[in-house]
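Each ligand, and each atom within it, is numbered from 1 in the order the structure gives.
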Amino acid sequence: MVKVAVIGPGAMGCLFAARIAQTGARVYLIDYRPERIRRLNLSGITVETDAGEIRGNMQVCAQAPIGIDLVIVLTKAFTTPTLRFSPSTAVLTLQNGLGNAEALAGRAGSNRILAGTTTEAATMISEGRVRHTASGTTLVGTWTTCPVEPTVELLNAAGFNTQVTESPGQAIWEKVAINAGINPITALLNLPNGRILDLIETRQLMRDLVVEAAKTASTEGYRFDHSLVEEAEEVCRTTADNISSMLQDIRAGRKTEIEAISGEILRRATQAALPAPRTRTIYQLIRGLEQR
Ligand code: PAF
């Protein structure tokens, strides 16, 4: 039987854990808070979907047991450097932001890392209860040499539309550029995603942020075969009523992922001597907002 650990009991972690458990895999959901572990083991994990409820058969625990085949990391980016892994397990990151795969490679060895992105959407209704709000596409690729096929097969069997990407770094940059354009503006102005397009100034700011991100990506050798600005505008339209993850964090008084998104773009742009003035300002404003 395949054994899978999912790190992070947030909305996405619960969604992936519950759907993978349905394939017959043995699933462990990893949390760092002992009290919540106890409560989640009592309540169980439930995912609401349009087709009904999924009750995930899994164990919630603080550490994955020995002999796990795959670890899926779905925590916030700022926790990545604190994670520990037992030897020889494949580790897949589907987290937001830049630098996660590199940080995990430093801890587990680059030959064990798979990396990618997902546009699945889920929101937490209450502890242990999640709503799967939209199906998306999951892209997974090998960071260096870790075999990708078993993981892609598992995710497809779990009902996630999963494809192999030859360049996980490119897929991650593409998502980061979109997040860098949308998330900070929604968080600063307290707006759902679609409203960014309503005002000429916010729309232009989003475009400029995405362009700065794409230019920074190009200093690392990534080229995009379509306009990321148009893609960001399309995401605003298709997720018009969504409250972005960064705005959700600000509303809940939580730390945001700004460091792994705009902060990391800014650091990489600075290293490449590329000016990124709007990214800098927006980064400073979100850091200020977090500390109010
Ligand atoms: O971070 C988010 O909220 C999402 O990635 C996105 C695409 C901005 C939609 O809300």
Side-chain angles (χ1 to χ4, degrees), residues 8 10-16 73-80 93-100 115-125 130-140 160-161 165 168 170-198 202-203 205-214 217 224 226-252 254-265 278-279 282-283 285-286 289-290:
M12 294 297 276
C14 290
L15 171 68
F16 273 76
V73 185
L74 280 164
T75 54
K76 295 278 188 190
F78 50 80
T79 67
T80 309
T93 167
L94 292 174
Q95 298 159 282
N96 282 337
L98 294 167
N100 292 300
T117 58
T118 184
T119 55
E120 296 289 339
T123 45
M124 187 72 91
I125 293 170
V130 161
R131 170 112 195 124
H132 186 201
T133 46
S135 297
T137 303
T138 300
L139 296 176
V140 178
F160 298 110
N161 172 19
T165 169
Q170 170 117 3
I172 290 167
W173 257 112
E174 188 170 327
K175 184 158 187 210
V176 165
I178 308 298
N179 285 146
I182 298 175
N183 295 23
I185 300 179
T186 60
L188 284 163
L189 300 178
N190 195 24
L191 294 175
N193 298 349
R195 293 287 307 282
I196 291 179
L197 302 181
D198 291 349
T202 48
R203 187 173 188 157
L205 177 58
M206 182 189 70
R207 288 169 158 255
D208 294 341
L209 288 166
V210 174
V211 168
E212 287 185 1
F224 302 94
H226 61 283
S227 158
L228 296 188
V229 167
E230 280 170 23
E231 188 180 340
E233 293 191 350
E234 187 56 22
V235 171
C236 285
R237 277 188 285 273
T238 53
T239 65
D241 298 328
N242 281 23
I243 301 302
S244 77
S245 49
M246 196 170 284
L247 176 52
Q248 287 183 40
D249 287 338
I250 289 292
R251 283 183 178 174
R254 290 189 298 255
K255 190 171 170 181
T256 72
E257 293 187 298
I258 195 70
E259 285 296 346
I261 301 174
S262 313
E264 197 58 33
I265 294 170
R278 293 176 187 80
T279 304
I282 216 98
Y283 166 75
L285 286 169
I286 294 287
L289 195 58
E290 277 181 333

| message | Using the rule given for side-chain hydrogen bond (donor to acceptor under 3.5 Å, both in side chains), can you reason through Asn183 versus Ser244, listing the C-alpha separation, both sets of side-chain angles and the distance that settles it, and then say yes or no? | response | CA-CA 6 Å; Asn183 295 23; Ser244 77; 4.5 Å; no
| request: Begin with the C-alpha distance, continue with both residues' side-chain angles, and end with the deciding distance and a verdict on side-chain hydrogen bond (donor to acceptor under 3.5 Å, both in side chains) for Glu257 and Ser245. | output: CA-CA 9 Å; Glu257 293 187 298; Ser245 49; 4.7 Å; no
| task | For Thr117 and Glu174, test the side chains for any donor-to-acceptor distance below 3.5 angstrom and give the result as yes or no. | result | no
| request: Could you pull out the closest heavy-atom pair between Ser262 and Ile282, with the gap in Å? | output: OG-CG2, 4.0 Å
| Nearest-0.5 Å distance that lies between atom CD in Glu120 and atom CG in Leu94 | 10.0 Å
| task | Pick out which of Glu233, Glu231, Glu230, Glu212 makes a salt bridge (charged side-chain N to carboxylate O under 4.0 Å, His left out) with Arg207. | result | Glu233
Need the list: ligand 1 N/O atoms against protein N/O atoms, distance under 3.5 Å, rounded to one decimal.
from     : atom 1 : to     : atom 2 : distance (Å)
ligand 1 : 1 (O)  : Asn183 : ND2    : 2.9
ligand 1 : 1 (O)  : Ser245 : OG     : 2.6
ligand 1 : 3 (O)  : Ser245 : N      : 2.8
ligand 1 : 3 (O)  : Ser245 : OG     : 3.4
ligand 1 : 5 (O)  : Asn179 : ND2    : 2.9
ligand 1 : 10 (O) : Asn193 : ND2    : 2.8

